[in-house]
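These numbers were taken from a predicted model, which means no experiment stands behind them. Atoms within a ligand are numbered from 1 in the order they appear, just like the ligands themselves.
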Amino acid sequence: MSFRKDFLWGGATAANQFEGAWNVNGKGPSCSDMCTGGSHTVSKRITRTIEDGIFYPSHEAIDFYHRYKEDIALFAEMGFKVFRFSIAWTRIFPTGMENSPNESGLKFYENVIDECLKYNIEPLITISHYEVPFALTEKYNGWASREVIDLYMNYCEAIFTRYKGKVKYWLTFNEINSATMPIGGFLSQGILNEGTTDFTNQVDIPKLRFQGLHHQFVASAKAVKLAHEIDPSYKVGCMQLFATMYPFTCNPDDIVMTQKDSRVMNYFCGDVQVRGEYPTYMNRYFRENNIEIKMEDRDLEILKDGCVDFYTFSYYMSICVSSDPENASTGGNILGGAKNPYLKSSDWGWQIDPKGLRYTLNEIYDRYRIPMMIVENGLGAYDKKEINGNINDDYRIEYLKEHIEQMKEAVEDGVDLIGYTPWGCIDLVSASTGEMAKRYGFIYVDKYDDGSGDLSRNRKKSFYWYKQVIESNGEKLENIETVLA
Ligand code: BG6
């Protein structure tokens, strides 16, 4: 048993992290456009206005907006079958509140989609990937307000209608469950509470985040329904940030704590989006955290009517849960957790755990029994360009190889895995730190954290390796010694 013949090999990106052209042809500012650069140790800042002389990494990013033809040609050269990208809501509705869509935004994505189709690359579109229109933050405090549901639906209607017949796969919200953590308040929901300046240390009002999540669940369910009405062949998925959790020890306190944390973080949102109802375990969590979700009469029915067609997730690392506060944290940017003595970490403290991917795929598939895609995975690393221009990223090849081997095991275990899109297939801006130095790509982009760089593209060693992986449908995984272009 191995990967299915029509397995979707590809790569993943997000508009705010690679398009640039943040205010071009009518585009409005998104929440990401209001974030300055940062690093592993210094938090990005969120500014309410654009400050002079300050570097905002999303504003130019890697300029995919003007270079999409060149970039998609490189993806095609690797043999991509699928390309995951997001639509910037603010290119279509600059403030999120206009009555009609911005034609030049619609046209841009139509061009991108057509360019993919030219190479038989299936577009996989994230409707909202960490880029809530900033005007909705100002007016409504983002998804904390119910009004945003209707605005999101206008946006969905515009894109579902325009790209009918060209697109098959949609994802309603990127890593929707990131909003179970304080960092997701602004990142995913555009909630900006008074006093917040640091991205990694937001003034947090959990009640608002969970209310925001309810609004996103309703919006997601409505979007699934609308998509199917507009084009019955559309497939709409959910997308979760899966932070696989292990008990740090066999102490029952660690076991129970792991189950509790993992339910809230990893399973809650998927349970709602796949099963169409709130899981009972959340009642206790809400009670103990003084959270009361305001619902309208029909909401539960809407959730039931809008279950997703497939399940997708990002997987980078696993963490350990310990009931002993003395246990050192891994120091990852978004997720903490106790250090696992059996695993190595990336330079950003993300614990590398390929077997955890097999375990996770099995756990999720057992729970839901619907087709699955891994829509993000990869190693954020410092790449060095050698004098001859080569980038020998053997560490990245090793990381991906080990993860693909475990995907294969999971397929043998019976998991219905339909696709794999490693993150940042071309170098782009990091979501957690705002850095360019944290690179994931098969393609190197000449762009640096001070904003310099000529934006030229270079094939890394992993580019040739991944091409071979796709050509062999995941059979040839060994490293290659290629003459680099
Ligand atoms: C996921 C996001 O959390 O991880 C991406 O969906 C993000 O937007 C990716 O870029 C990797 O994280 P980071 O912080 O290394 O960019």
Side-chain angles (χ1 to χ4, degrees), residues 11-19 30-33 35-44 57-58 61-62 64 84-89 124-132 171-190 199-200 216 237-244 265-266 269 312-319 330-336 345-352 357 373-383 396 399-400 403 421-441 445 447 449:
T13 58
N16 75 87
Q17 291 169 256
F18 87 144
E19 280 181 5
S30 75
C31 285
S32 298
D33 294 325
C35 290
T36 68
S39 72
H40 186 27
T41 47
V42 180
S43 174
K44 309 194 295 187
S58 72
I62 62 153
F64 174 81
R84 174 179 177 229
F85 60 94
S86 67
I87 293 182
W89 186 345
L124 162 62
I125 300 184
T126 318
I127 299 168
S128 181
H129 188 136
Y130 296 163
E131 48 221 339
V132 175
L171 303 175
T172 53
F173 292 98
N174 179 66
E175 295 186 335
I176 188 167
N177 59 320
S178 61
T180 60
M181 300 178 289
I183 205 164
F186 184 71
L187 179 69
S188 171
Q189 302 195 335
F199 174 78
T200 46
Q216 290 185 314
C238 63
M239 196 304 200
Q240 314 292 332
L241 185 180
F242 212 98
T244 301
M265 167 74 200
N266 292 319
C269 297
T312 80
F313 66 111
S314 61
Y315 179 86
Y316 293 92
M317 60 186 284
S318 63
I319 54 178
T330 57
N333 287 92
I334 294 190
L335 304 154
S345 299
S346 78
D347 290 334
W348 277 262
W350 294 21
Q351 298 186 132
I352 302 171
L357 179 56
M373 270 195 224
I374 302 157
V375 293
E376 286 187 31
N377 172 238
L379 180 68
Y382 294 107
D383 288 337
R396 179 166 297 109
Y399 176 103
L400 294 169
H403 283 79
T421 58
W423 175 250
C425 46
I426 180 164
D427 290 346
L428 39 64
V429 176
S430 156
S432 56
T433 67
E435 292 165 293
M436 268 310 297
K438 191 181 188 189
R439 295 173 184 270
Y440 287 87
V445 179
K447 177 81 192 269
D449 286 330

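- Annotation: the span from F186 atom CZ to C31 atom SG amounts to 4.0 Å, rounded to 0.5 Å.
- If you number the atoms of ligand 1 from 1 as listed, the ones under 4.0 Å from a heavy atom of Y316 come out as 4 (O), 9 (C), 11 (C).
- For the residues E376, R439, E435, the heavy atom positioned nearest atom 2 (C) of ligand 1 is part of E376.
- Considering only heavy atoms from C-beta on, R84 stays 4.5 Å or farther from T312 through its side chain.
- The shortest distance between side-chain heavy atoms of M265 and L241 falls below 4.5 Å.
- Here the closest heavy-atom approach between residue V132 and residue S188 is recorded as CG2-O, 3.6 Å.
- Ligand 1 has no N or O atom lying under 3.5 Å from any N or O atom of Y130, backbone or side chain.
- Here is the list of ligand 1 atoms found below 4.0 Å of a heavy atom in Q17: 5 (C), 7 (C), 8 (O), 10 (O).
- Taking any N or O of E175, backbone or side chain, at least one lies under 3.5 Å from an N or O belonging to ligand 1.
- Side chain of N16 to main chain of D33: no donor-acceptor pair is present (N/O by atom type, distance under 3.5 Å, no hydrogens or angles).
- For ligand 1, the atoms closer than 4.0 angstrom to any heavy atom of K438 are 13 (P), 14 (O), 15 (O).
- With a heavy-atom cut-off of 4.0 Å, Y315 does not touch ligand 1 at all.
- A distance below 6.0 Å separates the ring centres of W348 and Y382.
- Near S430, meaning under 4.0 Å from one of its heavy atoms, ligand 1 places the atoms 13 (P), 14 (O), 15 (O), 16 (O).
- At least one heavy atom of H129 sits under 4.0 Å from some atom of ligand 1.
- Within ligand 1, counting atoms from 1 as listed, the ones closer than 4.0 Å to a heavy atom of Y440 are 11 (C), 12 (O), 13 (P), 15 (O).
- Residue N174 has at least one nitrogen or oxygen atom sitting less than 3.5 Å from a nitrogen or oxygen atom of ligand 1, judged on distance alone.
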What verdict does the side chain to side chain donor-acceptor pair (under 3.5 Å) test give for Y130 and Q17, after you've listed the backbone C-alpha separation in whole Å, the side-chain angles of each residue and the deciding distance to 0.1 Å? CA-CA 9 Å; Y130 296 163; Q17 291 169 256; over 6 Å; no
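- Any N or O atom pair closer than 3.5 Å counts here, and A431 shares at least one such pair with ligand 1.
- Within the 4.0 Å heavy-atom criterion, neither part of L241 lies near ligand 1.
- A parallel orientation is assigned to the rings of H403 and Y399, their planes being inclined by less than 30° (bins at 30° and 60°).
- In this structure, the side chains of L400 and L379 stay at 4.5 Å or more apart for every pair of heavy atoms.
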